[in-house]
Protein chains: 2
Amino acid sequence: MHMGVAERKERHKEDLKREILDAAKLLFAEKGLEATSIRAIAEKIEYSPATIYLYYKDKNEIVHALHSEGFKLLVSHFEVLNHISHPFERLKGMGRAYIQFALQNPDIYKLIFNMEEPLKHVANCFEEWDEGDRAFDILLKTVGECQKLDYFKDFATEQVSFVIWSTMHGLCTLRTTGHLSHVAAAKASDQDLDQLMSSIFETFVIILEKLKT
Amino acid sequence: MHMGVAERKERHKEDLKREILDAAKLLFAEKGLEATSIRAIAEKIEYSPATIYLYYKDKNEIVHALHSEGFKLLVSHFEVLNHISHPFERLKGMGRAYIQFALQNPDIYKLIFNMEEPLKHVANCFEEWDEGDRAFDILLKTVGECQKLDYFKDFATEQVSFVIWSTMHGLCTLRTTGHLSHVAAAKASDQDLDQLMSSIFETFVIILEKLKT
DNA sequence: AAAGATTATGAACAGTGTTTAGTAAAGTCT
DNA sequence: AGACTTTACTAAACACTGTTCATAATCTTT
């Protein structure tokens with residue numbers, strides 16, 4: 001093999017992995033997770049179904065790859081906020097970023113937070129879920145900094161962080177599963193729903209603010 | 001047909017519907033939702049797979065039946081608390097009942113709140129989801145009563161109710177999907193986790209309490 | 001051009017939800 | 001009791017699914 005060919009092939013291999021992932025992501029978003037078959041992914045990238053198994057061991061591995069990617073995206077949304085010096089303002093930004101992420105990528109959000117399959121896979125991997133821990137560490141750190149400024153006084157940092165995460169996660173889950181729209185005034189449009197979510201979030205922020213002093 | 005035969009047959013038919021539902025519930029709890037096949041349910045009740053379709057139109061209809069049943073169970077957990085006259089105490093009781101329900105019936109909980117399939121089915125049914133609305137109405141009413149006693153002053157009843165529901169739902173979802181245990185100190189036992197959940201809940205209660213006056 | 005190593009696939013396996021056509025049982029009527 | 005009708009049930013098939021494996025096609029090296 002003359003020089004560079006190995007690299008080119010390696011590159012092609014990576015390209016194909018990406019193509020598979022992109023096709024999978026698209027189809028998942030369109031049809032949902034369970035409803036997307038390996039065969040459909042294969043057809044989309046114009047390869048045989050069996051080929052996919054040369055690049056990914058499992059359907060789970062594909063899901064897991066998207067899981068991992070989605071998490072990095074979320075963390076990157078958080079890291080943009082690092083320039084905000086006031087920790088409570090940063091915390092608010094994180095909340096908004098979290099909601100935005102969930103609304104813009106509802107399927108990836110479900111993938112990450114509402115399914116246990118990829119989590120089981122992660123448990124056997126020992127790696128990569130760092131992303132998840134990291135995201136929570138960022139929250140912990142931010143809440144800790146808030147406490148130095150007399151927010152959440154007399155509360156344990158971890159507990160408050162969990163309450164915050166729970167609220168955000170609950171809100172996003174209720175939204176993406178459609179429960180919010182079912183319980184809210186029946187014929188609410190998507191726009192109204194987003195507004196409702198915003199106002200719920202702002203209410204939560206005010207609640208947190210009242211915990212100062 | 002002599003008298004009583006129609007009734008007996010009707011009764012048998014109802015019995016079989018129940019048998020199917022019970023078998024399904026058991027298998028769902030054991031193996032999970034997707035992993036339970038109609039064939040497995042059929043084998044458990046010692047009937048042919050096709051027979052099940054004489055009693056339920058779909059697998060979805062079975063899921064929906066369990067969904068409905070689970071919701072009635074949750075609402076009944078709430079109604080027990082009606083004797084508590086102080087609304088905030090009742091609200092606390094509801095929170096604890098909600099958590100207890102989620103921990104004792106994790107699969108039904110997931111069924112009800114983390115899946116959209118049965119919800120879509122409900123959307124075409126126009127009925128039965130009353131249960132869901134009713135549960136939320138109970139929350140709304142309780143929060144409203146709390147406000148008369150100067151809790152959650154200057155907040156919109158609906159918004160506060162959504163925040164509360166979100167927090168409880170988020171907490172339970174994080175627990176049942178395993179995310180809580182992944183982020184919490186790695187080797188936490190189930191007991192430790194339940195304790196953690198309790199302490200998170202109590203923290204939330206204290207937060208709500210601080211909103212008085 | 002021949003040999004060797006990758007890469008891709010067609011066909012099959014075991015499983016799924018679901019439908020249909022046909023059988024066996026139960027109930028009804030004379 | 002025997003014939004007829006209605007009901008209850010099921011075996012077999014269909015169109016899917018994820019996954020594997022022997023085989024074929026392609027590319028690399030000699």
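Letters go in sequence order (proteins before strands), and every chain restarts at 1.
- Ionic pairing of A:Arg39 and A:Glu43 is not present here: no N-O contact between side-chain nitrogen and carboxylate oxygen is shorter than 4.0 angstrom.
- When all heavy atoms of B:Ile45 and B:Tyr47 are compared, the closest pair comes out as O-CD1, 3.1 Å.
- Contacts of B:Tyr55 with the nucleic acid, taken as non-hydrogen atoms under 4.0 Å apart, involve only primed sugar atoms and P, OP1 or OP2.
- Counting to the nearest Å, the P atom of D:dT7 and the CG atom of B:Leu16 are 17 Å from each other.
- Note: CD1 (A:Ile62) to C1' (D:dT19) measures 12 Å, nearest angstrom.
- Counting to the nearest Å, the C1' atom of C:dA8 and the CD atom of A:Glu19 are 14 Å from each other.
- Atom C1' of nucleotide C:dT9 and atom CD1 of A:Ile52 are separated by 12 Å, given to the nearest angstrom.
- A heavy-atom distance below 4.0 Å to DNA chain D is reached by these residues of residues 37-48 of chain B, ordered by number: B:Arg39, B:Tyr47, B:Ser48.
- Using a cutoff of 4.0 Å between basic side-chain nitrogens and carboxylate oxygens, B:Lys72 and B:Glu69 are not scored as salt-bridged.
- In this structure, CG in A:Leu21 is found 7.5 Å from CD1 in A:Ile62, a value given to the nearest 0.5 Å.
- Comment: B:Glu79 engages B:Arg134 in a salt bridge, judged by a side-chain N to carboxylate O separation of less than 4.0 angstrom.
- Proximity of B:Tyr53 to the phosphate of D:dC9: no side-chain N or O atom is located under 4.0 Å from OP1 or OP2.
- Classified by interplanar angle (parallel below 30°, tilted 30° to 60°, perpendicular above 60°), the ring pair B:Phe152/B:Phe88 is tilted.
- The NZ atom of B:Lys17 sits 16 Å away from the C1' atom of D:dA8 (whole-angstrom rounding).
- Atom-to-atom, NZ of A:Lys59 to P of C:dT16 comes out at 15 Å; the value is rounded to the nearest Å.
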Atom pairs and distances, donor-acceptor, side-chain atoms in residues 95-102 of chain B, under 3.5 Å, two or more places apart:
residue, atom, partner, partner atom, Å
B:Arg96, NH1, B:Glu202, OE2, 2.6
B:Tyr98, OH, B:Tyr109, OH, 2.8
B:Tyr98, OH, B:Trp165, NE1, 3.2

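- For B:Ala50, counting side-chain heavy atoms from C-beta on, the closest listed nucleotide (D:dA8, D:dT19, C:dT20) is C:dT20.
- Taking the centre of each ring, B:Phe113 and B:Phe71 come in below the 6.0 Å mark.
- Contact annotation: B:Thr51 does not reach the phosphate of D:dC9 (side-chain N/O to OP1 or OP2, under 4.0 Å).
- Contacts with DNA chain C (heavy atom under 4.0 Å) in residues 25-32 of chain A: none are found.
- The distance between atom CD of B:Glu34 and atom P of D:dG18, rounded to the nearest whole Å, is 12 Å.
- Here the shortest heavy-atom pairing between A:Ile108 and A:Gly70 reads CG2-CA, 3.7 Å.
- Taking atom CG of residue A:Leu54 and atom P of nucleotide D:dC21, one finds them 13 Å apart after rounding to whole Å.
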